[in-house]
Colleague: 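Got a structure here, written out as structure tokens. Questions coming.
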Amino acid sequence: MTEPAFLVLTALVDEPRHGYGIVQEVERLSGGRVELKIGTLYGVLDRLAADELVALDREEAERGRLRRYYRLTEPGARALEAEAVRLAGNVEAARTRLRARHAGGMA
């Protein structure tokens, strides 16, 4: 799973969001490190929707523009959980090796 996909799924955990809301939440979640462009966001959302990890929640008209809200599906929540476990395992492996490196006085 790509980092943008992981962050988009994470942004949708607590509530459905529209595109700009997802962009803002991804930026907040990443501490400003990831700034999704709209084209990138909708490419990610299209792939996630095709895989049934997100779904269209509703559409609302605001100031003459249609806002599409997306929600996390149950398969999406399971995929996000699996990816979080995988990433946590990678982090732990790296930390274990770094502790061993430092304990052994390696340069």
Side-chain angles (χ1 to χ4, degrees):
M1 179 180 296
T2 66
E3 184 177 27
F6 180 83
L7 290 169
V8 167
L9 292 175
T10 303
L12 295 173
V13 166
D14 57 344
E15 65 183 358
R17 296 180 194 277
H18 57 79
Y20 184 64
I22 295 170
V23 167
Q24 289 178 311
E25 187 65 8
V26 164
E27 188 172 340
R28 189 187 71 73
L29 287 167
S30 69
R33 191 177 48 76
V34 176
E35 295 179 26
L36 288 179
K37 304 288 186 228
I38 292 298
T40 301
L41 169 67
Y42 284 103
V44 169
L45 284 171
D46 286 347
R47 286 189 298 279
L48 293 173
D51 292 340
E52 300 181 348
L53 303 181
V54 301
L56 183 63
D57 185 70
R58 66 186 184 278
E59 296 178 327
E60 293 179 359
E62 183 165 320
R63 292 187 220 134
R65 295 183 59 129
L66 191 63
R67 280 189 169 176
R68 288 189 173 95
Y69 285 76
Y70 294 87
R71 65 176 168 77
L72 184 67
T73 63
E74 282 306 313
R78 288 192 299 272
L80 179 60
E81 176 68 25
E83 184 67 1
V85 167
R86 184 188 76 78
L87 291 171
N90 289 347
V91 167
E92 185 53 36
R95 286 184 172 158
T96 297
R97 289 183 150 222
L98 287 167
R99 282 191 298 270
R101 176 186 172 98
H102 294 305
M106 298 172 71

Colleague: Can you tell me how far apart CZ (R71) and CD (E15) are? Round to the nearest 0.5 Å.
Modeller: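 Answer for the CZ-CD pair, R71 versus E15, is 14.5 Å.
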
Colleague: Under a 4.5 Å cut-off applied to non-hydrogen side-chain atoms, are L53 and L72 in contact?
Modeller: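 Contact flag for L53/L72 side chains = no.
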
Colleague: Are there over 12 heavy-atom neighbours, none belonging to R68, within less than 6.0 Å of that residue's CZ?
Modeller: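 No - once you tally the heavy atoms of other residues, nucleotides and ligands closer than 6.0 Å, there are 12 at most.
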
Colleague: Applying the side-chain contact (heavy atoms from CB on, under 4.5 Å) test to L12, which of V54, L48, D57 qualifies?
Modeller: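 Filter result, single survivor: V54.
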
Colleague: Does Y20 belong to the same Ile/Leu/Val/Met/Phe/Trp/Tyr cluster as L41, with side-chain heavy atoms less than 4.5 Å apart forming each link?
Modeller: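 As far as the 4.5 Å side-chain criterion goes, L41 and Y20 are not connected within one cluster.
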
Colleague: Over all heavy atoms of both residues, which pair between A11 and R17 is shortest? Give the atoms and the distance, please.
Modeller: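 Reported closest heavy-atom pair: O-NE, 2.7 Å.
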
Colleague: Any salt bridge linking R28 with E25? Criterion: basic side-chain nitrogen under 4.0 Å from a carboxylate oxygen.
Modeller: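 Salt bridge flag = yes for E25 with R28.
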
Colleague: Between T73 (side chain) and E52 (backbone), is there a donor-acceptor pair under 3.5 Å?
Modeller: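 Yes; judged by distance alone, with no hydrogens or angles, the pair exists.
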
Colleague: For the hydrophobic clusters of this structure (ILVMFWY residues joined by side-chain heavy atoms under 4.5 Å, transitively), does one cluster hold both Y69 and L36?
Modeller: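 In one cluster with Y69: L36, no.
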
Colleague: Check whether any side-chain heavy atom of I22 sits under 4.5 Å from a side-chain heavy atom of L45, and report yes or no.
Modeller: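 In contact.
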
Colleague: Within the distance-only criterion (no hydrogens, no angle test), does the side chain of R65 pair as donor or acceptor with the backbone N or O of A61 below 3.5 angstrom?
Modeller: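 Such a contact is absent between R65 side chain and A61 backbone.
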
Colleague: Crowded around R95 CZ? As in, over 12 foreign heavy atoms under 6.0 Å?
Modeller: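 No - once you tally the heavy atoms of other residues, nucleotides and ligands closer than 6.0 Å, there are 12 at most.
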
Colleague: Taking the basic N atoms (NZ, or NE/NH1/NH2) and the acidic carboxylate oxygens, is any pair closer than 4.0 Å for E92 and R97?
Modeller: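 No, no charged N to carboxylate O under 4.0 Å.
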
Colleague: Is the shortest side-chain heavy-atom distance between R33 and E3 below 4.5 Å?
Modeller: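 They are in side-chain contact.
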
Colleague: Tell me whether R86 is salt-bridged to E83, with the criterion being a basic N under 4.0 Å from an acidic carboxylate O.
Modeller: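 Judged by the 4.0 Å cut-off on N to carboxylate O distance, R86 and E83 do form a salt bridge.
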
Colleague: Apply side chain to side chain contact (heavy atoms under 4.5 Å, CB included) to V8 and Y70, showing your working.
Modeller: CA-CA 10 Å; V8 167; Y70 294 87; over 6 Å; no

Colleague: Going only through I, L, V, M, F, W and Y residues with side-chain contacts under 4.5 Å, is there a path from L9 to I38?
Modeller: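 Yes, same cluster.
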
Colleague: Ignoring hydrogens, what is the shortest heavy-atom contact between V34 and S30? Give both atom names and the distance.
Modeller: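 Smallest interatomic distance, heavy atoms only, reads N-OG, 2.9 Å.
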
